[in-house]
Structure formats: structure tokens, C-alpha cells
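We name chains A, B, ... by the order of the sequence lines, and we start the count at 1 in each one.
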Amino acid sequence: MIFIHLLTIQGGAIKRASLEVLARGRALADALNNNGQEVELHTVVCSPEVADWDEAKWAAELGAYGVDRVWSATDESFKEHNNQALLAAVQTAHAQATDQAAKPSLVAMASTEGVKDILGALSARLGASVVADVSEFGVVAEGDGLHLTAIRPVMASKAQTQVQTTAKHVMVSVRSGSYGILEEARGQEGGTPNHEPIKIELIKIEQGDSKLQTQIREIITAAADIIDLNEAETIVAAGRGVKDETAKALIAELAQCLNAGIGASRALTEAGIYDPSVQIGQTGKVVAPQLYIAVGISGAIQHVAGITNTKVIVAVNKDADAPIFEVANYGIVGDLYEVLPAFIAEIKRLKG
Amino acid sequence: MVPDVSAPMQIKNGELIMDADRAVLNAYDASGVEEALVLKEADGGAVIVVSVGPAKAAETLRKALAMGADSAVHITTEGVEGAGEFDSDSYAKILAAYYGEQEYDTLFFGKQSQDTDAGLTGSMVAELLGIPYVSNAVGITREADGRFLVKRQGDSGQEIVDAGTGCLITCSNDMNEPRIPKLKGIMASKKKPLEVLTLSDLGVNAADVQPKTQITAYVEIPARQAGQKFSEGAAEDAGRVAELLEQNDLLS
């Protein structure tokens, strides 16, 4: 049985969300192995340039996270998001890892925009059963395949469903913040004591049908120094109450002193006050930081649907009846122009 | 067609019970219809709306016709065995069987449905048809030669993608504000053609589109409890909350 995990490397760093899925995959593989099964954990690495690919570095890094084998697809196409190239890479690695689909497989990926883009197409291509955007999942061997159980939010996060599927090949995408990463693996070299040094194999991806290719002409990115909301431990988010440059500056200052990412509600991204890429909620990014500070956000259900996995929510709002207070661990009823300066000063004092 | 997610609902014995059995036009699909109408107004052509679902799906097709679509196709699953449990894979296979026999400049899908938020069907259909696709579109323009330029929201920014022609595009609701049908449109929609097709009309066997995934139960999401609320004045409240965060080791 093969577990396959996808890692796209752009800019040389592994995303936390991807490591969370890896940690879950390792735990499931260990449980099955202890139960007499033979499970290998593989990672498909898609990276843009040979220069980025330092085999020894990645062998040590991924080995420390318990990866048994790496399939490395290095291709110019991975400089930017390219759905057909990703599909081809996973398909090629999957075919080789499972001995042309002879061995049962679980393909697990972090639910990023890039993965959302390929998940349906990949399941159709592999003939796999797929469950998208889960908050929990488990897998056991059954017959000639795998039995996957998962939990995923539905109905604008008013309910969740327990989902199951039994198939030879199953796929799952996982919400960020659903699992912890193997913290002890960080900084270790040469793999965990339980694992042999890992094998790295280079695969050449077959790009296949060129008529399926789409071409990126341009990428409009926000400032390069912004903190990725999927990675951030702390997020400061602005809502409708953030109306002017003074309020924006307060948000920026609070974020800076907490080393936080900055997010916004749909009202503000639509109004062009913040970049659409930082929209948080059901239709934007679903985030799960340790600390989420909602400033001037009323807490519409679509917004709250994007932050339910957060550990601690702090809300600052003038309206004592704002629904955000129903989900906040700590609520401050007050004017943000008065609360934020006091809050910033106090945080700076406490941090020394 | 989706259930109205803003309607009251409750969970009893693992089942989801909606107080009103109301179906509405999926908001992401509505954005796709709106974008198609805008393109038609600029370049001409025809907008055909297609839905797979039980008898009541016809209501949402009428809504799209009232917005301005030219004609509708209802692939009915009324009475089809197991249709109540169809998943993305089932719908994708049915839609691919239909579109495989049609001619089109482009196919617009909602990027996900409001009830399940799975977001799988669009790219599944593209893969089954063997056509290029772009997901999560927030803007669409058409070049003079007919190529579609799609602005999509990606992980690190907005990507402008040349999708060519004959492509499939899944639409975000951030793309536009779908028009509200006017009385004139509603009257006109009643005279517009709405073709009803069965799975057998498409050569699809119900047995071949049975779901690959099963929902075993609906369960409550563990509710976040409202915590402490402070309203003693800005300085005092801010100081108190900052201290609590410090105690919880959250001021990194």
C-alpha cells in the first residue's frame, strides 16, 4: 500500500499545511505497519529548477519527516501554477509508485488553491474516489483497497458530514490547521531513527496533450514581504469598521508587533481597500492560526466559516451585539481607534 | 441547484433537516450565468444553461432564463435510483456525457456548490472531456480572436491565464454581482425553451454514475463558546485582553 503526498516548492520552502498532511500520513502509515500491513509514504516534489533542487538537503529534510521515498519532478512549468503539469507529475509518480496502479494508494494533499485546482481532474484521471477539504481523515486496509473515513464541513459550516469511501485508490485534501506537524523533526538530519535513509528518484513528467495547456501571461502579486495567511501563526483581520487610512495604519502596526499576517473581510476586498488574495471566509481563504484578531468585523456566517479552526479569536467591535462576539474567546466592545492604540502599547510593553 | 444554506436547519439522528425544502440557484453558478450574459451582450452568441437534478431544479433554470439566458436544458434525475446520494463524480460523468455531444465556445461552472463546497465537478468534467480548464476565476475577458483570458485567484496572487477556446472555466462569486431578474425577464422566461432530458437520452446508465463516496451522517460542528466580553473602556479592556494573550503564550 502506498501513501502519496504532493509537495510543490516555489521559493525553496516547504509549506506548513503540507507538513501537517505529511505528519498525518506518517501516523496513519505507522499505525497500519504496526498492524501487519506494508505501507510506504512517498512524496511527489514539484520544483521549478534544478538549481532549487539540492538532493542531499531535501533527502535530509523529508527523511526527518518520515518520508520513505521521493519522486522528484523538476520542470520549468513549476515556476508558476500549471494544472496540466501538476496533473502529469502526480500521474507519472502514482503510476511508478503503485506499479501501474497495481498497489492500492492514498493520495493526500493540503487544501491549497493549487490543489483545489487539480483535485477533481486528478481523481478523474486516476479513477480514484475523492473527498475534498476535510478537517479529519483516517484510513484502513479493506479487501483489495482502502477504506477512507473523513469529516468535512458543509452548509456554510453550519454542519459537518461524516464521509466514507472504499476503493483501490482514494484521495483526500486537508484543511490547514487540521493536524500538527512533527515539530521534533525540524532540524534533525538523516531521517528519524525509525526510518532508513530515503530514496530519491527523478521522474520526467510527460506533458501529454498540448491542447490542454493553458498559459499564464501575468501574475499580479501583492507585496513580496506579506505573510502567507495559510502559514501565519497570528492573523489580524480588518472588517467594515476599518474605513480609513488611520484605521489601516493601526491594523498594520498591530500586525507588525505580533509578526502577524493581515487578512480582511469580503466587504473590504470588494471595496478595493485590501487585496482580494487576503480575503478570509467561505469564498476566500480558510485559515486556522493560533490567534485571530478580528477588528471591525461583524462576523457574518460566511466569514466565520473561514476561521472556525482557529485556536483563539479576539474580536474588537463597537457593536456589542455583533455576531463575532458569539465565537470570540475574548471580545472588546469599543471603538477601534481607541482600543487598538491601547492594545498595541500594552502588547509592546508585555513583549518588552 | 442547491438547498438554501441560509435557511434554518437542524440535525436529528445523523440527518440534516431543512425547515423549508427550498432550492435556489447556486451563487457561484449565478456568477457564471452573469458573466456569460455580459460576454453575450458584448460579442453576441447564445447562453444555454444546463442543470442536473430532480424536478425542482427546473425552478432554478427558470431563474437563469429570467436573468437573460436564451434556453435551458434540464437533465432530470427524478425517479432515478440513488440520485439523492449522487456525488461530484456522478454529476461530472452525466455532464460530460451531455457536453461531449455539444458544440460550445466555453463552459462556465460555479467553482463549488454552496451546500457542499467540494469544488470538484468542474475540473472533473474538463478532464473527462479532455479540454483545458481554469478554476476560481474572478474575471473573464475575450480577445478579438475569441480566446478567453481568465483572471484567477491563486495561492500567491492573481494569475492572468490564456485559456484558449473550447475551455471550461469555474467561476468565483467575486467576479461580478449577478443581476436580479426584472418582471419583463420573468415574463419572457416562461416562453423560453426548456428541454428536459433523461439519463437514457444521454446514453447514461444509472448504475455507471452511482456515487463513489457516501455520507454516513450529519453531525453538529462543535460550537465555539462565546468567551469573555469586556466593555470597561478601551485602555482597561485592551490591557486585560493583552494580559490574557500573554498568559496563553500567544504573544510571539
Side-chain angles (χ1 to χ4, degrees), chain A residues 81 112-114 116-121 124-125 129-133 153-165 167 212-222 233 259 276-277 283 290-291 312 314 320 325-334 338-339 342-343 346-347 350-351, chain B residues 5 9 11 16 88 92 114-124 126-128 132 134-136 138 153-163 172-174 212-221 224 226-231 234-235 237-239 241-242 244-246 248 250-252:
Chain A
H81 175 72
T112 59
E113 287 301 337
K116 285 178 186 174
D117 188 41
I118 62 164
L119 196 65
R125 187 168 293 190
S129 286
V130 59
V131 183
D133 216 23
V154 295
M155 306 304 281
S157 291
K158 285 180 178 173
Q160 51 191 6
T161 47
Q162 293 173 345
V163 187
Q164 64 168 22
T165 180
L212 294 182
Q213 278 297 341
T214 57
Q215 199 72 47
I216 290 190
R217 288 206 187 163
E218 189 188 339
I219 298 183
I220 309 161
T221 44
E233 299 274 331
N259 192 29
S277 65
T283 67
Q290 296 291 305
L291 173 62
V312 171
V314 172
F325 288 124
E326 289 164 26
V327 297
N329 302 71
Y330 308 119
I332 301 177
V333 182
E338 293 167 18
V339 174
F343 197 37
E346 190 60 20
I347 290 166
L350 286 169
K351 289 182 76 173
Chain B
V5 296
M9 61 188 81
I11 295 164
L16 184 75
S88 308
Q114 283 177 284
D115 53 349
T116 70
D117 284 331
L120 296 167
T121 309
S123 72
M124 280 177 171
E127 172 71 19
L128 293 172
V134 180
S135 69
N136 202 11
V138 294
Q153 186 65 51
D155 282 309
S156 56
Q158 293 188 329
E159 299 156 1
I160 313 282
V161 186
D162 180 346
S172 165
N173 58 334
D174 290 331
K212 288 182 163 180
T213 57
Q214 288 85 35
I215 293 174
T216 49
Y218 283 84
V219 284
E220 302 275 0
I221 290 190
R224 290 191 76 96
Q228 294 164 270
K229 203 149 107 181
F230 303 91
S231 51
D237 298 344
V241 172
L244 285 163
L245 296 181
E246 169 76 0
N248 285 293
L250 287 164
L251 298 183
S252 50

Quick check on the interface: out of [options], who has the most heavy-atom pairs with chain B under 4.5 Å?
| options | value |
| --- | --- |
| A/Lys158, A/Glu326, A/Met155 | A/Met155 |
| A/Ile347, A/Leu119, A/Val339, A/Thr161 | A/Thr161 |
| A/Gln215, A/Glu346, A/Glu338 | A/Gln215 |
| A/Asn329, A/Ile118, A/Val130 | A/Asn329 |

Do you know which of [options] has the most heavy-atom pairs under 4.5 Å to chain A?
| options | value |
| --- | --- |
| B/Ala118, B/Ala217, B/Ala163 | B/Ala217 |
| B/Ser172, B/Ala235, B/Gly227, B/Ser123 | B/Ser123 |
| B/Asn173, B/Asp237, B/Ile215 | B/Asn173 |
| B/Glu246, B/Met9, B/Gln114, B/Gln214 | B/Gln214 |
| B/Thr121, B/Thr213, B/Val219 | B/Val219 |

Using heavy-atom distances under 4.5 Å, tell me whether [X] contacts chain B through its side chain, its backbone, both, or neither.
| X | answer |
| --- | --- |
| A/Lys116 | backbone |
| A/Ala328 | backbone |
| A/Val327 | both |

### side-chain contact (heavy atoms from CB on, under 4.5 Å) assessment of A/Phe343 paired with B/Val241
CA-CA 8 Å; A/Phe343 197 37; B/Val241 172; 4.0 Å; yes
Does a donor on one side chain sit under 3.5 Å from an acceptor on the other, for [X] and [Y]?
| X | Y | result |
| --- | --- | --- |
| B/Gln153 | B/Gln158 | yes |
| B/Asp155 | A/His81 | no |
| A/Glu113 | B/Asn136 | yes |

Could you tell me the separation between the [atom1] atom of [X] and the [atom2] atom of [Y], rounded to the nearest 0.5 Å?
| X | Y | atom1 | atom2 | value |
| --- | --- | --- | --- | --- |
| B/Leu120 | B/Ser135 | CG | OG | 11.0 Å |
| A/Gln164 | B/Thr216 | CD | OG1 | 5.5 Å |
| B/Leu251 | A/Leu291 | CG | CG | 7.5 Å |

#### Entry: pair B/Leu244-B/Gln228: side-chain heavy atoms closer than 4.5 Å
yes
### Message
If you compare all heavy atoms of B/Ala226 against all heavy atoms of A/Phe325, which two are closest, and at what distance to 0.1 Å?
### Response
CB-O, 3.5 Å
### Task
Give, as side chain, backbone, both or neither, the part of B/Ile11 having an atom under 4.5 angstrom from any heavy atom of chain A.
side chain
